Amino acid sequence: MLQNSTKKKKKNVVRVRFAPSPTGPLHLGGIRTALYNYLFAKKYGGTFLLRIEDTDRKRFVPNSESYILETLKWCHIEPDEGVGYGGDHIPYYQSKRVKIYRVYLKKLLEEGHAYYAFETDQELHIKRKEFHDRGLTFSYNADLRMQMNNSLNMTEKQLLKKLNSCLEYVIRFKINPGEKLKMHDMIRGPIIVNTDHLDDKILFKSNGLATYHLANTIDDHVMGITHVIRGEEWIPSMSLHILLYRALGWIPPKFAHLPLILRSDGKGKISKRNIDGLNFPIFPLQWKDPETKNIIPGYRELGYFPEAFVNMLALLGWNPGGKKEIFSLKELINFFSLERINKSGVFFNIRKANWFNQQYLNKKKEEILSYLYKELKRRSLFCEEDYLSKVIQITINRIHFIHEIWEHSFYFFISPNSYNQNFLNKICHKETIYQLEFCKVFFSNINQFTSVYLRLLFQKEIKKKRERQKIMQLLRISLVGELKGPDLFIILEMIGKKKSLQRIENMMKKIKGKINIHKKFNNSC
Ligand code: GLU
């Protein structure tokens, strides 16, 4: 068992890495992988490293790297080492580490663990098709490699000649069949793979670039990575990586594969390529597509707090046990354990994400206050801080984001300029006028205009509950313009007698006007 940093004896044993490919913005799954790596490193006083895995130049998307760095910063989970942070293993870009890969590749070739293969893509395509037409699957493996155009079937002289004349070749890893490879995943437990089912994966291409598998394995070893924490989609690569470590004479790191994040509509996993019809954002920050120039908003732009986002993300696949759901980053570090990560996919729920944001709103009263100030200033209005604080206190539970505050509190400052149309149509008759008239007279006679007193008198005066509720609805629409909002008597107290009476008057005028139009045209109002 590892030692928690608080009682650490060994120092800095843990080294983990986040190793994204710069193929676009990070999605929820990507940033969650970074977070779990960060939490694990910090828990054990270890190092969290950022490596950019840019071996596949065809899939390179400009701005991905700066996006990744900015996201980690926004989430307050910055690396200790790596791209943008320096360290003993620069460069942390795989495209710049080819010299290192060549050293180990040479060793693999010399020791018979790898070989040159000369089929072009076109030839392989034809081969695949031939097999497919015969109802078979083509796999470049132990069964077939001796029939293919590769260095295993050549003399050294032939190979040299070929290498000198041939422009295109690849280097493949030679997998020995007939082994039941036993592996261990820290989340899933034992995994056994029969090497008969593995093919001889390409490690290096003649364009001078290593493939992901080779670069990833070498870098993890050379950079001293102790734990590989990454997405479930990499489980199929684990056997190849373990065999590569073995061939190179290295002890592999420990592996932990994280569950997928699933769409709640049952349409599979969340990914950059699977965003059609999604009703929630999947990117932490706004992403501007360099080709289409389309802007896709992220959690930051939509008003989520980074603490809430990180808290929500941490619990998306990790179960801390117990009822506690709100965790600061410090607490997450303390409680985090790979053992409590789910094995199966987790459904993403935007309502839960919003709930998390709401929980953090209570700690943001200052920010809400200055937001409200700005909204008022924009409308040339002014209000005492005490009054604003009360408004915030009354409405905070009704909002999830700071920017929602005005929409949910404007009626404390200005009269509504529109009313719920459906409800207006329903109450468009003379009785409404009488009821509003009653309210006017009733309120005019009250000097102690407090919520407690108003409620008490109201209940005393209108005994029948149904009638009372009806009148309260009329009052609510007069004051707020809608049938929603906090406690009516609190609204009355906040707005005050004079303005409340004014708004009742406005509503009476509105209803009278509608009744007149109705009379004139004799249609429904
Ligand atoms: N470069 C891989 C990715 O973008 C990371 C794989 C790994 O962590 O080993 O998902």
Side-chain angles (χ1 to χ4, degrees), residues 14-41 46-69 71-72 77 79 81-83 89 91-97 101 173 183 185-188 191 201-203 209-245 248 250 252-261 269-274 282-284 287 317 338 341:
V14 166
R15 278 176 69 80
V16 293
R17 78 325 188 250
F18 178 46
S21 300
T23 55
L26 288 176
H27 61 74
L28 288 173
I31 185 65
R32 189 195 58 179
T33 299
L35 174 64
Y36 285 4
N37 272 286
Y38 172 90
L39 296 176
F40 188 73
T47 304
F48 172 51
L49 182 156
L50 174 67
R51 183 173 73 221
I52 297 286
E53 300 208 323
D54 53 353
T55 50
D56 189 351
R57 302 308 290 176
K58 275 190 231 130
R59 290 181 57 215
F60 177 82
V61 177
N63 300 336
S64 313
E65 183 189 318
S66 55
Y67 183 95
I68 291 164
L69 286 168
T71 303
L72 296 177
I77 54 168
E81 187 182 318
V83 170
H89 299 280
Y92 288 87
Y93 296 93
Q94 290 189 329
S95 59
K96 295 185 181 157
R97 297 174 63 80
Y101 306 143
F173 186 53
M183 303 177 289
D185 184 276
M186 291 179 79
I187 297 167
R188 284 143 218 281
I191 299 178
K201 282 270 181 300
I202 296 173
L203 301 179
L209 285 177
T211 60
Y212 154 75
H213 299 296
L214 183 75
N216 184 274
T217 308
I218 293 175
D219 283 344
D220 280 348
H221 175 77
V222 171
M223 294 179 181
I225 298 302
T226 54
H227 298 75
V228 167
I229 305 168
R230 62 185 175 190
E232 181 182 313
E233 64 275 22
W234 297 105
I235 292 181
S237 303
M238 186 178 169
S239 43
L240 168 63
H241 295 180
I242 297 268
L243 290 171
L244 268 168
Y245 282 105
L248 286 161
W250 297 334
K254 292 199 164 66
F255 287 89
H257 287 93
L258 309 174
L260 295 176
I261 302 180
K269 65 171 186 169
I270 287 174
S271 77
K272 279 177 253 186
R273 281 169 286 232
N274 185 17
I282 65 159
F283 298 139
W287 172 250
L338 288 175
I341 290 178

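Index from 1, following the sequence. All figures in this text were calculated on a predicted structure; none of them were measured in a lab. Every number for a ligand or one of its atoms is a count from 1 in the order of the listing.
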- Measure centre to centre between the rings of Tyr212 and His241, then say whether the value is under 6.0 Å. yes

- Message: Could you check whether any side-chain N or O of Arg51 sits under 3.5 Å from a backbone N or O of Gln94, counting only pairs where one atom can act as donor and the other as acceptor?
- Response: no

- N-O pairing of Lys269 and Glu232 below 4.0 Å: no

- Task: Using a strict 4.0 Å cut-off to heavy atoms of Glu53, name the atoms of ligand 1 that fall inside it.
- Result: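 Checking each atom against Glu53, I get 1 (N), 2 (C), 5 (C), 6 (C).
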
- Of all the atoms in ligand 1, which lie at a distance below 4.0 Å from a heavy atom belonging to Pro20?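 Once the distances to Pro20 are compared, the set is 4 (O).
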
- Message: Regarding Tyr101 and Asp219, do their side chains bring together a donor and an acceptor under 3.5 Å, going by distance alone?
- Response: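 Yes.
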
- Message: I'd like to know if Phe18 contacts ligand 1, where contact means a heavy-atom distance under 4.0 Å to any ligand atom.
- Response: no

- How does Asn216 reach ligand 1, if at all, at less than 4.0 Å between non-hydrogen atoms: by side chain, backbone, both, or neither?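 Under 4.0 Å from ligand 1, Asn216 contributes side-chain atoms alone.
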
- Item | Phe255 and His257 aromatic ring geometry - parallel, tilted or perpendicular at 30°/60° bounds | parallel

- Query: What orientation do Tyr245 and His221 show, parallel under 30°, tilted 30 to 60°, or perpendicular over 60°?
  - Reply: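 Rings of Tyr245 and His221: perpendicular, over 60°.
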
- Message: Please state which option from Ser21, Gly29, Ala215 has its nearest heavy atom closest to atom 4 (O) of ligand 1.
- Response: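 Heavy atom nearest to atom 4 (O) of ligand 1 belongs to Ser21.
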
In terms of residue, atom name and distance, what is the protein heavy atom nearest to [atom]?
atom: atom 8 (O) of ligand 1; answer: Arg17 NH1, 2.7 Å
atom: atom 6 (C) of ligand 1; answer: Tyr212 OH, 3.2 Å
atom: atom 2 (C) of ligand 1; answer: Ala19 O, 3.3 Å

